[in-house]
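Read the structure below first, then the notes.
Just so it is clear: chains get the letters A, B, ... in the order the sequence lines come, proteins before strands, and each one is counted from 1.
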Number of protein chains: 2
Amino acid sequence: MVKITDVARRAGVSPSTVSYALSGKRPISEETRRRVEAAIRELGYRPHAGARALASSKSNVLALVIPLRAGIHVPVAMQFAVSVVTAARRYDHDVLLLTQEEGEDGLRRVADTALVDALLVMDVQLHDPRLPLLRSLDRPSVLIGFPAEPDGLTCIDLDFKAAGEACVEHLVRLGHRVVALVGSPPEVYVRRTAFAQRLVQGFTAAADRHRLASAVHPCETGADAARRIAEHLLREQPALTGVVVHNEPLLEPLIDAFEELGLRVPGDLSVIALCPDEVAAALRVPVTSVALPSAEVGARAVELLMKKLDGATVPDATLLAPRLTERASTARRAVV
Amino acid sequence: MVKITDVARRAGVSPSTVSYALSGKRPISEETRRRVEAAIRELGYRPHAGARALASSKSNVLALVIPLRAGIHVPVAMQFAVSVVTAARRYDHDVLLLTQEEGEDGLRRVADTALVDALLVMDVQLHDPRLPLLRSLDRPSVLIGFPAEPDGLTCIDLDFKAAGEACVEHLVRLGHRVVALVGSPPEVYVRRTAFAQRLVQGFTAAADRHRLASAVHPCETGADAARRIAEHLLREQPALTGVVVHNEPLLEPLIDAFEELGLRVPGDLSVIALCPDEVAAALRVPVTSVALPSAEVGARAVELLMKKLDGATVPDATLLAPRLTERASTARRAVV
DNA sequence: GTGAAAGCGCTAACAT
DNA sequence: ATGTTAGCGCTTTCAC
């Protein structure tokens, strides 16, 4: 293995000069830098990560805790993970993957052994058991999602409340007066993840503000559930013309169900989804949607973490503004 | 930070004794072991990962390279990643996540800096540019999938050839004589990933062996493509009664398309899929399938890697036997 | 069965 | 602008 002393010898300088040439932490003359770089190249030198971590107490590794629970939409999680890795590499950091299986122990382990410098935790629950630990750790962390008591923690997520409002307001602009929200499976709400509830809040608040008739229904996934909820909605709100769907796999079957019940989308019924843009765009009827910006959340989360590692102060809460994209599933309400 | 000398002092022993008590690399008296363990517990001692890596030249971290390319089925990749992490933890290893974005540089970086002890590479291409590098690296690796020239490399995957044969033989047992394989989008074949082609080989070989009429068609994803391919198949092979589908997102629309064309599944047409069991079971018509055992592949890949790290010799090729599960989409051929 | 001590390869004072 | 050197915290010979 070629080490820093080898490089130093070859370049005719001291090891510290090589180190400083690499880190840029002190000025190096043009001539020296050239010689060092040449030596590094010629010898194929790579600093030993463990030695670095030991001497500098920085591992340049972030922990990413990904969920495996049911109800989590997998491609979203994956896209998020990829964006985290990509963003971390821009800051010369690597990413250690942890599953939720190990729970708090895993977080404590990687933090206490100094395997990682900082932690990124996805899929935070309203009353997440890991919160006290994260608060007590000597390493910075960023949470994806908002718990009930985010004090002392840095959290980031799509602004689901604003997203709910944006959906309603889009429907209002199109003249709709009777709307419904078809949500995620009941367990998502029972588990009390904040984001689903915040969407409901935004939806309801905006509907009330605009004096719309509105209803909210959690819903299971699958063609049968789609059919049932469609029939139920039309019975309950015969004048229904606007539907917001926060349940990605239900989207296609639900639109099918409505059409089988004789309602054209968007002719008779406008549909807005909360889902990744790719999904919305790829459906048979491209669906107007508020994007779930996993990639953006991942990149921003890493930025926050890097700032914290630099000792900077960052906002406790970062809410990403919703972005609504019009597609073929929404239209002005037909005048009867 | 509490270190090994703190533990040693508290237990009244030397640091090396603590180290050996932890590693079990030399016998420790019952009494001493007790005292050391107590001291560790009382002080909350955690060995510093970097220091360990430096002294032992083992980081206890594996690199996992995941793909992000189109055509890769994301949930499969994710499930695989999770099973790798879980398996690695059983061997007291952690997992560093790399994307393919960095390509060969990323592999070289984590290997040369001794950040990882070994590498796991997913989604290997027939002529993968990373192969020479992997062969030259001083660290062991395991590939998921088979390249054209696997010499000197350790590879593991589902036995796609046997899977193709198993599908055909199941159809034969049910009396079918005219069969077709609806494959993945053309780019999967163009990219020349081995697995898709091996499935075709097995399918064709078994069909020929049993003197079946058979056809193979790559196919895009989506309802339109499903409709087109269904019509095409029935025109080309009017007597068709058995279809193997290796294209997960196409599965549901394809069955719909057949039924809209007046063919009942499984009454008129038997369908077998290559996809994860959960997917096959969750469809409207639960589909007979050969499982894509991502979790098993992940766990086995880690086991292979651990054996190699131990200096053991492992087989160059590990082919997991296909497992076919009968569900509601296959039936004995109707006698006309 | 246990201890002493020499590194592992790097960083960051402290010098000059 | 560069060199010297003392650690960082652990593992592992070597010695008893």
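- With contacts defined as side-chain heavy-atom distances shorter than 4.5 Å, the pair V65(B)/Q100(B) qualifies.
- For E42(B), the CD atom counts as densely surrounded, since its 6.0 Å shell holds more than 12 non-hydrogen atoms of other residues, nucleotides or ligands.
- The nucleotide whose nearest atom lies closest to any side-chain atom of P27(A) is, among dG9(D), dA1(D), dC8(D), dA1(D).
- Within residues 13-23 of chain A, the residues having any heavy atom closer than 4.0 Å to DNA chain D are, in order of number, V13(A), S14(A), S16(A), T17(A).
- Judged by distance alone, the side chains of S16(A) and S19(A) never bring a donor and an acceptor atom under 3.5 Å apart.
- In this structure, L143(B) and T154(B) have side chains that are not in contact, with every pair of non-hydrogen atoms separated by 4.5 Å or more.
- The base of dT2(D) is paired with the side chain of R26(A) by a donor and an acceptor separated by under 3.5 Å.
- Under a 3.5 Å cut-off, the side chain of Q125(A) and the backbone N or O of D123(A) do form a donor-acceptor pair.
- Both E31(B) and S56(B) sit near DNA chain C, but only E31(B) has its closest nucleotide nearer the 5' end.
- We find that CG of L54(B) is positioned 10 Å from C1' of dT11(D), with the value rounded to whole Å.
- In terms of phosphate contacts, S29(A) brings a side-chain nitrogen or oxygen within less than 4.0 Å of OP1 or OP2 of dT2(D).
- I4(B) has its CD1 atom 5 Å from the P atom of dC10(D), to the nearest Å.
- Of the residues in residues 32-45 of chain B, T32(B) come within less than 4.0 Å of DNA chain C through at least one heavy atom, sorted by number.
- Scanning both residues, R135(A) and G152(A), for their nearest heavy atoms gives CG-O, 4.3 Å.
- In terms of heavy-atom proximity, L319(B) sits nearest to L158(B) at CD2-O, 4.1 Å.
- Remark: K308(B) NZ is packed, more than 12 non-hydrogen atoms of other residues, nucleotides or ligands lying under 6.0 Å away.
- Between H48(B) atom NE2 and dC8(D) atom P there is a gap of 11 Å when expressed in whole angstrom units.
- Side chain of R35(A) to backbone of A11(A): a donor-acceptor contact under 3.5 angstrom is found.
- As rounded to whole Å, 14 Å separates atom P of dC10(D) from atom CG of N60(B).
- Ionic pairing of R108(B) and E104(B) is not present here: no N-O contact between side-chain nitrogen and carboxylate oxygen is shorter than 4.0 angstrom.
- Using a 4.0 Å cutoff to heavy atoms of chain A, the contacted part of DNA chain C runs 5' to 3' from dG9(C) to dC14(C).
- Taking 4.0 angstrom as the limit, K25(B) places a side-chain polar atom (N or O) nearer than this to OP1 or OP2 of dT12(D).
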Test log, rule salt bridge (charged side-chain N to carboxylate O under 4.0 Å, His left out), inputs D310(A) and K307(A): CA-CA 5 Å; D310(A) 279 353; K307(A) 285 202 182 122; over 6 Å; no
